[in-house]
A.B. asks: 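So that we are looking at the same thing, I have put the structure below in structure tokens.
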Amino acid sequence: MNASPVIAIHGGAGTILRTAMAAETEAQYLAALSGILAAGQQILADGGSALDAVTEAVRLLEDCPFFNAGHGSVFTAAGTHELDASIMDGRTLEAGAVCCVKRVRNPVLAARRVLEHSEHVLFTGEGAEAFAAAQGLEFVELGYFHTDARHRQWLLARGAQRAMLDHDGATLAAGVDKALDKAADRAADKSADQTAAGDGGLPHEPIDPNRKHGTVGAVALDAHGHLAAATSTGGVTNKQPGRVGDSPLIGAGCYADDATCAVSTTGSGEMFMRMVAAYDVAAQMRYGGATLADAAANVVMERLPRIDGRGGLIAVDARGNVTLPFNTEGMYRGYARVGDAPVVAIYR
Ligand code: ASP
């Protein structure tokens with residue numbers, strides 16, 4: 001008998017600090033993750049394919065402004081948006097991906113069309129947009145990808161003169177907001193407890209500007225025993241125009257093979273590329289006989305840190321095992337088995 005269908009998603013890893021997150025914001029993130037998991041879960045419960053479930057979950061994550069993909073993507077150093085996405089079907093090993101697209105509303109749908117309707121695997125820039133247009137996909141005005149929160153993050157990253165992973169930039173922005181709020185409170189109430197603000201109002205662990213991540217992804221096992229994975233991102237805040245990370249690269253940011261596992265990653269893309277991180281999980285299972293959990297933990301907790309790779313991944317195997325390891329302070333994540341309530345989490 002097949003294992004019960006399951007879907008897992010992530011909304012990026014990074015310096016996500018409880019101290020820098022308002023309770024209301026945290027609740028909104030958790031609700032968004034649960035709702036998106038429920039949508040993917042429904043597809044699987046109806047007998048839909050893992051490929052359809054991950055496509056829909058990532059499409060919803062792209063449309064949600066909280067996450068760095070689609071609407072809500074980070075800004076490049078030129079103040080523009082360049083989006084990347086990939087998808088892989090573990091049943092057939094077919095794959096599709098796009099990178100550096102600027103006006104395609106849902107890059108994961110473009111990746112899916114590449115998988116289904118092209119002899120190629122990866123399209124970039126104008127060629128990717130021409131392919132998406134020929135496929136009849138929705139295009140948006142450049143302003144669609146602008147969100148005030150990401151714009152603020154970009155201004156901070158630009159001020160620091162570096163590229164910055166999405167959630168690290170968000171934490172930095174939240175810290176600045178909190179500092180401003182506290183300063184306003186103190187001005188309003190001269191009797192405020194100055195010792196409580198002895199840190200200047202910034203979170204106790206201000207972000208290290210070398211740490212920076214965001215991206216979305218989904219992996220699933222369907223009722224027929226098939227696996228699929230999809231990943232989508234705006235990349236890193238203040239990245240050089242034309243920079244491409246691991247997310248649209250099959251093997252680095254996304255991989256699926258029914259014989260082993262389905263994987264979607266998030267983190268410092270350059271290191272995930274150098275480790276061929278997603279495929280390495282599958283390779284350790286295939287050639288080394290490792291379990292899903294051991295292979296994923298080895299990649300995230302041992303191999304990536306050796307080259308300063310920060311981030312995490314989500315993975316599922318054909319037996320329905322799920323693992324969600326990360327080596328950062330937090331990762332927006334969750335999974336849902338058909339018949340059970342979604343499980344969501346942010347911090348370690
Ligand atoms: N891996 C993504 C990239 O390098 C960023 C991230 O996951 O935060 O583009």
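In each ligand, atom 1 is the first atom listed, and ligand 1 is the first ligand listed.
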A.B. asks: Is the closest heavy atom of Gly12 to ligand 1 under 4.0 Å?
C.D. replies: no
A.B. asks: With nothing but distance in play, are any N or O atoms of Val236 less than 3.5 Å from an N or O of ligand 1?
C.D. replies: no
A.B. asks: Is Gln240 atom CD crowded by more than 12 heavy atoms from other residues, nucleotides or ligands, each under 6.0 Å away?
C.D. replies: no
A.B. asks: Pull out every atom of ligand 1 sitting under 4.0 Å from any heavy atom of Asp246, numbered as shown with elements.
C.D. replies: 1 (N), 2 (C), 3 (C), 4 (O)
A.B. asks: Kindly confirm or rule out an N or O of Asn68 lying under 3.5 angstrom from an N or O of ligand 1.
C.D. replies: no
A.B. asks: Need the ligand 1 atom indices (1-based, order shown) with element for anything under 4.0 Å from a heavy-atom of Ser247.
C.D. replies: 1 (N), 2 (C)
A.B. asks: Could you work out, for atom 9 (O) of ligand 1, the closest of Met271, Met331, Met273, Arg243 by heavy-atom distance?
C.D. replies: Arg243
A.B. asks: For residues His10 and Ser264, is any side-chain donor paired with an opposing acceptor at under 3.5 Å?
C.D. replies: yes
A.B. asks: Might you work through the salt bridge (charged side-chain N to carboxylate O under 4.0 Å, His left out) test for Arg112 and Glu116, ending with a clear yes or no?
C.D. replies: CA-CA 6 Å; Arg112 175 78 188 258; Glu116 285 175 332; 3.0 Å; yes
A.B. asks: Can you confirm whether more than 12 heavy atoms, excluding those of Glu141, are under 6.0 Å from its CD atom?
C.D. replies: no
A.B. asks: Scan side-chain atoms only and decide if Ser232 and Glu62 contain a donor-acceptor pair under the 3.5 Å cut-off.
C.D. replies: yes
A.B. asks: Is ligand 1 under 4.0 Å from a heavy atom in the side chain of Arg310, in the backbone, in both, or in neither?
C.D. replies: neither
A.B. asks: Should we count CD of Glu26 as having more than 12 external heavy atoms under 6.0 Å?
C.D. replies: yes
A.B. asks: For Phe145 and His71, I'd like to know if the aromatic rings sit close, meaning centre-to-centre distance below 6.0 Å.
C.D. replies: no
A.B. asks: With a 4.0 Å cut-off on heavy atoms, is Gly311 in contact with ligand 1?
C.D. replies: no
A.B. asks: Show which atoms of ligand 1 fall inside a sub-4.0 Å distance from at least one heavy-atom site of Thr215.
C.D. replies: 1 (N), 2 (C), 5 (C), 6 (C), 7 (O), 8 (O)
A.B. asks: Counting from 1, what ligand 1 atoms have a heavy atom of Thr266 closer than 4.0 Å?
C.D. replies: 6 (C), 7 (O), 8 (O)
A.B. asks: For His146 and Phe75, I'd like to know if the aromatic rings sit close, meaning centre-to-centre distance below 6.0 Å.
C.D. replies: yes
A.B. asks: Show which atoms of ligand 1 fall inside a sub-4.0 Å distance from at least one heavy-atom site of Gly235.
C.D. replies: 9 (O)
